[in-house]
Amino acid sequence: MTETDFLSLSPFLILALAPIIIMIVISIYRNYEVVFGFSVLSIVAAIVSIVFILPVIPHSIAPLFLVDRYSLFFITIILISALLVIFLSYDYLKQLDGIREEYYIILFTSTLGASLLAVANHFILFFLGIETLTLSLYILIAFEKTKDSSIEAGIKYLVLASVSSAFLLFGMGLIYITFGSMQFSVLEIAIRHLNQLPLLFIFGVGMMLVGIGFKLALVPFHMWTPDVYQGAPAPVSSYIATVSKGAVMAVFIRFFFNIRGFDNQSIFIVISGIAVLSMFVGNLLAIQQKNIKRLLAYSSIANMGYLIIILLTGSDKGIQAAIFYLITYFITTIGAFGVISLLSTKELEAENIEEYRGLFWKKPWIAIVMTFCLLSLAGIPITAGFIAKFYLILEGMKAGLWILIFSMIINSVIGLYYYLRVITSMFSVANENLLPSVSVLGKVTLAFVTISILVLGVYPGWLIDFIVKYAIL
Amino acid sequence: MKTLIALIPALPMISFLILVLFSGKLSRKVAGWIGAGSIGIAAVLTVIVSVDLISALPEIKSYQITLWQWMSVGNLSADISFRLDSLSLVFCFVITFVGFLIHSYSIGFMDKDEGIIRFFAYMNLFVSSMLILVLADNILLVYLGWEGVGLCSYLLIGFWYKEPENGTAARKAFIITRIGDTAMIIGIFILFLSFGTFNIQDIMHLASAKWVAGSSIATITAVLLLGGALGKSAQVPLQTWLPDAMAGPSPVSALIHAATMVTAGVYLIARTNVLFSLAPIVQGFIAGIGALTLLIAGFSALTQHDLKRILAYSTISQIGYMFLALGVGAYSAAIFHFMIHAFFKALLFLAAGVVILVLNEEHDIFKMGGLRKKMPAVFWTFLIGSASLSALPLVTAGFYSKDAILWFALSSTSGGVVLWIAGIVGAFLTALYSFRMIFIAFFGEAKTQPSFQAGYLMTIPLVVLAVFSLFGGFIELPASLGNFHLFSNLINQSLPVVGIKNVEHLEWLFQLISSLIALSGIYLAYLFYYKKPVFIDSFNHSKIHHFFEIGFGFDKVYDILIVRPVVWLAEIDKKDFIDQINISISNMALIGNEVLSIAQNGKLRWYLLTFAFGIAVILTYMMTK
Amino acid sequence: MLSVPVETQILFAGILFFLGMIGLLVRRNLVFMLMSIEIMFNSAGLVFIIAARHWNQPDGQVMFIFILSVTAVEVAIGLALILQVYHHFKTLDVDAIHKLKDE
Amino acid sequence: MILIYLILILLAGALLAWISGNLNHVLPRVITLVTLIVDLVWLIIYLLQTVAFSNKWLIDVQHHWILQFGIGVHFALDGLSLLMLLLTFFLGIISVLISWKEINSRVGFFHFNLLLILAGIVGVFLSLDLFLFYFFWELMLVPMYFLIGIWGHENRTKAAYKFFLYTQASGLLMFISILALYFVHGNSTGIYTFDYIQLLGTHMSASTGLLIMSGFLAAFLVKLPVVPLHNWLPDAHTEAPTAGSLILAALLLKTGAYGLLRFIVPLFPIASSSFAPIGMILGVIGILYGAKLAFAQTDLKRLIAYTSVSHMGFVILGVFSFNELAYQGVVIQMIAHGISTGALFIMAGQLSERIHTRDINKMGGLWEKAPFMGAIGLIFSMASLGLPGLGNFIAELLILLGAFKSNVLMSVLACIGLIAATLYSLRILQKVFYGVKNTDWKMNDLSIREKTIAVSLVIVIAGLGFYPQPVFNIAKPALLKTLDEHNEKTQLNSENLKVETDLKSKLYFYK
């Protein structure tokens, strides 16, 4: 290991050290604020460290790591999202009884796993990253162990995620057996000269798709999503929706483009089918949903359906569109779950749409944040979601994916319906129920989210420039 | 002098605006005098302009004035411009002069009515529109006036809006005339697209230059314009609205539904005579319609009970005469009859108005009786009107005007015996039903007592009109009786002269026949309705009587053929079936939601099963591919 | 040494994996389900061993070690969660746990 | 820059109105009113001072926005958009005035939405960048949705959904078409841009043109609306508050008509020519079917809403006639319909404010109680049946004449619509104002404020009827340009076809 190696791994080191330090601190002096402050600092430090890595990239630590602009970009997104989740968790956890400092430890390990996925260039790191992430998530989901629903969600996620991991692993094994390498770049070279991919390889990719499809909550591996989103604490749900999915997407894009999956017809068709099904099933399931967490879960299924269209474009621009989409999706999802977690109390999770009735007239700013998030999810102009969808459709059309684009259009309309339902109830006549007051931290986070949505919606040029510059494989 | 022409329609319009804008601040009397006075001034102006124009004839045939450019789009241009020639002069004169008399009468007639200001506003608007109609230089402006008078007719028929029936009658009038108007506007389209102008004179010149007589385009255009004329002038088959239009106040019936508006069709055909001469079939058709209408309406008039309805059918019938004259190319005769008809029919309506007002809204002639003694002024003027209507030989104006038509129906190059016979039968019917009114309403014993006597405001116009009904005819005397052609010389400045077959020496014979027919009609009326023989009673209860009474069942037929299907059409799809498509789409989404939602049952093993199923499908697909 | 073709070896691993899946589907007890998952993981690990043997590389073996450690963590967390499930639901029958669902 | 400022002023006014709504109820109204008047006056003064009415764009502003995709902020004003802008500001002011008493809850937010919609509409009328156009096109939906959904009548939620989903679905199709056009142009010239001026000359095959155009058509025909895509309209119009109905009918529908003129005709000359017969048929169906449904309604607002469908049928009929007469007619129809239908909606609003029902079967005899209102109702019913002397007549006349030029049958069928219009217009009068009053409503005639509104509308509609020439003059260069762009291409195309067939026949001859 050289100095450069260590330098380029510094974010991971920080992320790995932080939970250890927290553990030590807790064992000496248990204080929620201290742990929280330290966590924030660590994440910020990790983000800052990225700036120092920039000069040395691309740097490969053979055979597992590949630290390049693409991975750093994703790590940045992941870390910022994690930071926002931490901010939102602060209030949410504060009102809980019992032990809550450990939450941040687990959050760090899972963020570590997610970040590892972004630099993975090898099945081993792929597997380890995804397992680190998932294993931490089991705990996070079941973190409110006094609640039935939290435990139920945890066990469901555990069983299903394990099965999907097993599939992923088996698929990796099959690919390894065909080409004798677990490194993406080696696989790429091996495949380049083949006219026809070996069946075993395609089979392997198919099984990996199961694992990845599960993590991204794509149909038909989506069934867990609503239950887990509902059962998990709201910040954790937002974490699953953003960090977990983003990281898996990062490694999947890299892997998929390395093996040029879009060139293979059967993979192409399977992914198209999954995409179309995800859009329709996700949106249709949402239209009558009364629980807002489940609704967002279904919406995330549909959104991931939109997103994986981009895999089939097979172009760098497609990746950029996907990243832009992911970023806006992260922001809006965190915003939406943020509102939920800020409005939740110890006794009552603010998850029924009924509880949002008349929110606008009681807490206008919160309602506006929620409205912007939902409009962004629906892809209405002046929100980031609109530009993101535009970008996605643009690249999809460039690649001639007409059927997928049209089913996306149809689904945008269906989707609009249930987003409007929530908005409508927020703007209708108020009911009597009381809402908790929102802390400054929560307000700042939401304000950040809203401003980002607006800025990206009206003036997205700079981010696109940024993505074009940095997010290249 | 020219600017005065613009003032003629402008005065009533100004008065209308004053009445509308200051409706809250004017007293009832003042409003009436403003309304009537503006028309009076307009009448004076008309006379001044007339004298000027007539003295300039025949060197200058018309005065023309353009107020402003209405629109100019591409090659389309239309101005707000007026043109006064001898034809419009006659119309202007009748409109302003008779209009003034009727307005003055109305001050008395509407004295008690709460809506008197509204009434005069509408009336002024009507006069203004009517003047625009007859003065307009381009056909689009004619159409503006045409629709304007239609609107006023609608408003005035429904003037007493509290009775829903009045509204219905008004609506009927508007819709039926609108059907004709739509045909007319299509005709105007054809004219514009053929000649690139709306100017009537230009159109006429270009039409005679470009179109071949009897060509299909000329025929179609003529038919379409005729549609408008039929609607406005209540000719078969669009005549059914006029009897119902009697729901309006009597002055309205006198002015709009007897003297002026309903003759707009006559004006239109006379104005665009070149087109009709290019379409001889249509012109023959006009004569036929005129003959048919005058008979149908004559029979119907014979059986009515309502005083105003009798007069309404009589109006239809008399306009039938005018159409007959137009059809045979006797334009001056048609216009002459229009003028005389305006006098005596206005007189009759006004007199009837007095009767009805005085008898507290009693319309049924069989409940009147004996009015001769109670209201002598009304009786005598009514009698003069009826005599003029029945064309009592030599002494009444109606004789000269109707006789001219009958004569031309036979002697014109496009006339014929059939048309003449129809006219003669009509003349007989006219005399019969006119004196039926007289004998039933004014003779015999009184059945209803008059509540008060009409004031001078109402009786003076009656007297004036009676004078005109008697002596108005002497400006135009047939060859056999003095051969004085003041009127037709004037009219022929702007309209073609009728072509005559070589039968002129027999004119006196036919005049004699028609005179006898009229007299016999009066005598029979005396027999039937004064002496009251038994068989008249049985006739009154016969089916044929009923058939006549309902106007030959046109209303019923239209009800079945048009009204009910339209209502049915409106009713069947009230909720808009296309909406069901939306609903079914959203229902599909809801069903999809419910089906999928069943799968989200929270059971882990079920999730695993779908998981496994999904894998199986994907892997099987990949293997088989 | 008996040489078995690599396809057969993979098939064996595949059957093992399939059995694990079947076990997962038919068992209701959470503990047994966890065991079935272990079987699936191990069969996947077997594939890596086979591959390592096939290509004469150590990578597969390394991967297997990683798999072992990960599954160990997995079981640890799993058992902890199962404990909590029992605590909350008083049963380990997975069919009884379905509070979270669409209404 | 004035064009950008116009929109920015509206947005700033919107925010101010919202914030001030917390202080009291009058302030937002005043702010909104001032904002609109400032916009209107500024625009007029600017035009009078600096702009020469020539053939070109009157004002043209261009900036970069999202360079990566060739998206720019390109606003431009020509005669057509100028007229639409004036209409927008005028009716904007009217809609504030009519809401003065009607809207009493959440006044600030109401006016925020109102101004936002107007900003969106102004943006639509000014945008010459397709992306920007779509941006504004969608932007006006959300506040409109709120306007219906919050201040509407009893079934407001459903109506608001329907409105939003309908327009969104069609808008997305347009969006796809915009992108397709972007690619077609980019692939043939190498310049990837959304700029309207540059896209004007895009070459494409006939079938591509038709496909791309159909996306645009979907959006515009839904907005217009055209049967069978009209179902959002009756619901939305019926349920919206008066100001909402006014803006929907008078302005929002016009964006569809504007889109047809601005985009369909010049961008797709060949495709739109081949679509013209269908377009005209759709127009006629709209005229007749809308009138038929209007005749059957008992809900006054619904009735008026269906008359909109009928009147907008004339617009599409005119647009696909491709001649100057029809186009001028379309422009006048856009304005006159805005005024007349708007006025009828205002009347319906005033009625339901007073007697709390919109069912015309429950009305009757109101003339006695409110003669002024009756007179206004009369005038605008007459306008809607196309009485000469009022603006709608000029519009319908020109459209029918223009249509007659290109398709006699369709024009004649459309004329039947005039009779149908008579049926429903008179039905309004009959049911509302005639007859006896069957309940003793305590009902006042119009107040001074309402009278002012009504009279100003009457002046405009009568002015259009007797002296429409200024409107023609303003619109003429823009319309002629549109037509030229259209005709050039179609003639070229037909010449090409002719040459082709000539060649073919020659070849055949030589064989």
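Lettering of chains follows the sequences in order, A, B, ..., and the numbering in each one begins at 1.
- From B:Leu590, atom CG reaches atom CD1 of B:Ile583 across 11.5 Å, with rounding to the nearest 0.5 Å.
- Residue A:Lys145 places its NZ atom among 12 or fewer non-hydrogen atoms of other residues, nucleotides or ligands, all under 6.0 Å distant.
- Proximity to chain B involves both the backbone and the side chain of A:Leu285, based on heavy atoms less than 4.5 angstrom apart.
- Between the CG atom of B:Leu141 and the CD1 atom of B:Ile80 there is a distance of 5.0 Å, given to the nearest 0.5 Å.
- B:Val595 meets the side-chain contact (heavy atoms from CB on, under 4.5 Å) test with B:Ile591; sequence neighbours excluded.
- Considering A:Phe256, A:Phe252, A:Phe167, A:Phe221 in turn, A:Phe252 is the only one that fulfils the side chain to side chain contact (heavy atoms under 4.5 Å, CB included) rule with A:Ile212.
- Comparing B:Ile618, B:Val617, B:Ile615 by heavy-atom pairs within less than 4.5 Å of chain A, the highest count is held by B:Ile615.
- Between A:Ile202 atom CD1 and B:Met622 atom CE the span is 7.0 Å, to the nearest 0.5 Å.
- Annotation: maximal heavy-atom pairing with chain B below 4.5 Å, among A:Leu160, A:Leu209, A:Ile274, occurs at A:Leu160.
- Contact of A:Ile267 with chain B is made through backbone and side chain together, with heavy-atom distances under 4.5 Å.
- Between A:Phe214 and B:Phe611, the ring planes are tilted. Angles from 30° to 60° get that label.
- Distance check: A:Met408 CE to A:Ile309 CD1 gives 5.5 Å after rounding to the nearest 0.5 Å.
- For A:Val159, the part lying under 4.5 angstrom from a heavy atom of chain B is the side chain only.
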Would you list the atom pairs in which one atom of chain A and one of chain B form a donor-acceptor pair under 3.5 Å?
unit_1	atom_1	unit_2	atom_2	d
A:Lys156	NZ	B:Gly602	O	2.8
A:His222	NE2	B:Gln600	NE2	3.4
A:Asp227	OD2	B:Tyr607	OH	2.5
A:Leu284	O	B:Asn593	ND2	2.6
A:Leu285	O	B:Asn593	ND2	3.1
A:Gln288	NE2	B:Asn593	OD1	3.3
A:Gln288	NE2	B:Glu594	OE2	3.3

